[in-house]
Amino acid sequence: DPTVFDTRFLRKIDNLGEGHFGKVELCQYDPHGDGRGELVAVKSLKPNSKGQLPCHLRREIDTMRELYHHNIVKYKGVCSEEGGRTTKLIMEYLPAGSLKDYLPKRKHQTDLKRLLNYALQICQGMDYLGSQRFIHRDLAARNVLVENESTVKIADFGLTKSMKEDKSYYTVKEDTESPVFWYAPECLVGSKFYPASDVWSFGVTLYELMTYCESSSSPEPLLSPSEGKMTLTRLVEFLIDGKRLPCPPRCPDTVRELRERCFCWLDQSKST
Ligand SMILES: Nc1n[nH]c2ccc(-c3ccc(NS(=O)(=O)c4cccc(Cl)c4)cc3)cc12
């Protein structure tokens, strides 16, 4: 079975990223031991991840193995250790990394047309995800990978949820590691996630694209009030008052209008 990877032949090469409970590593899978094995990205739980149960990674694996789209990072398989107690998710490796790694370094070679092409591909990947009744819940530039100058792929399905047949939303019980600055008000207030909640996160990701993911323009500091730390309460008040991320400099009107439509907070309580 080509989707079963033997831990004996996985060799760690570098770190690719980490969350509160998990990490993503660049590894070489070299079953022939000739140093010519393929490079893969491996997601696993951190040893101290008491809060994030293996079932969360299991759910992510079950989600990824159902997804097949040009703009979604490919699932390759799993690697189990210790009699199945620890499982690792094996994915295709994209050397250019995420938009957050790539754009700041390629600002002068990336014109508006290419940024909007990336935005279009994110939409195509998210439209497919929605057609499979999934809500991503962590769409952000750090979770969009660059395959080449004309192709990007959505990654990291660790917070992705599947809507039940008879439901148009998902109510989250545990709100571990929530990326609150990418969340719509209904997610922050009622822990309810709709497909429209991913549209809001796309609006924030579009903002990141238009600012070339420069850390000086990152959504976190900008949404924080000048006085003191932004608390969840202050963020909710800020958004419910109709305040939004500032429009990026030199943002075309068409993108500005698209942004506003993404941040149009449909009061979901009226529509359910
Ligand atoms: N360069 C790559 N090729 N294939 C990949 C698969 C996933 C990733 C990846 C995807 C997402 C992140 N984002 S992240 O913020 O580092 C992250 C958030 C939550 C949980 C984890 Cl373990 C990591 C970091 C790395 C990178 C590559």
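The basis for the numbers below is simple: all heavy atoms, side chains too, and nothing from hydrogens, waters or symmetry mates. Note that ligands are numbered from 1 as they come in the structure, with each ligand's atoms numbered from 1 the same way.
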Minimum-distance protein heavy atom relative to [atom]:
atom                    : answer
atom 15 (O) of ligand 1 : R142 CD, 3.5 Å
atom 21 (C) of ligand 1 : G19 N, 3.4 Å
atom 8 (C) of ligand 1  : V24 CG1, 3.8 Å
atom 27 (C) of ligand 1 : L145 CD1, 3.4 Å
atom 16 (O) of ligand 1 : E18 N, 3.1 Å
atom 3 (N) of ligand 1  : L94 N, 2.8 Å

May I ask you to decide if the ring planes of F9 and Y29 are parallel, tilted or perpendicular, using 30° and 60° as cut-offs?
-> perpendicular
Quick one: sort the Y118 and Y102 rings into parallel, tilted or perpendicular, breaks at 30° and 60°.
->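 The rings of Y118 and Y102 stand perpendicular, inter-plane angle above 60°.
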At a 4.0 Å threshold, what atoms of ligand 1 neighbour a non-hydrogen atom of [X]?
X    : result
E92  : 3 (N), 4 (N), 5 (C)
K43  : 20 (C), 22 (Cl)
N143 : 11 (C), 12 (C), 13 (N)
G22  : 22 (Cl)
K23  : 22 (Cl)

May I ask you to check whether S98 and D101 show a side-chain donor-acceptor distance below 3.5 Å?
-> yes
Return yes if some donor-acceptor pair links the side-chain N/O of E208 with the main-chain N/O of A141 below 3.5 Å, else return no.
->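 It does hold such a pair.
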Polar side-chain atom of K46 near backbone of G19 as donor-acceptor pair, under 3.5 Å | yes
Between atom NZ of K74 and atom CD of E92, what is the distance when rounded to the nearest 0.5 Å?
-> 4.5 Å
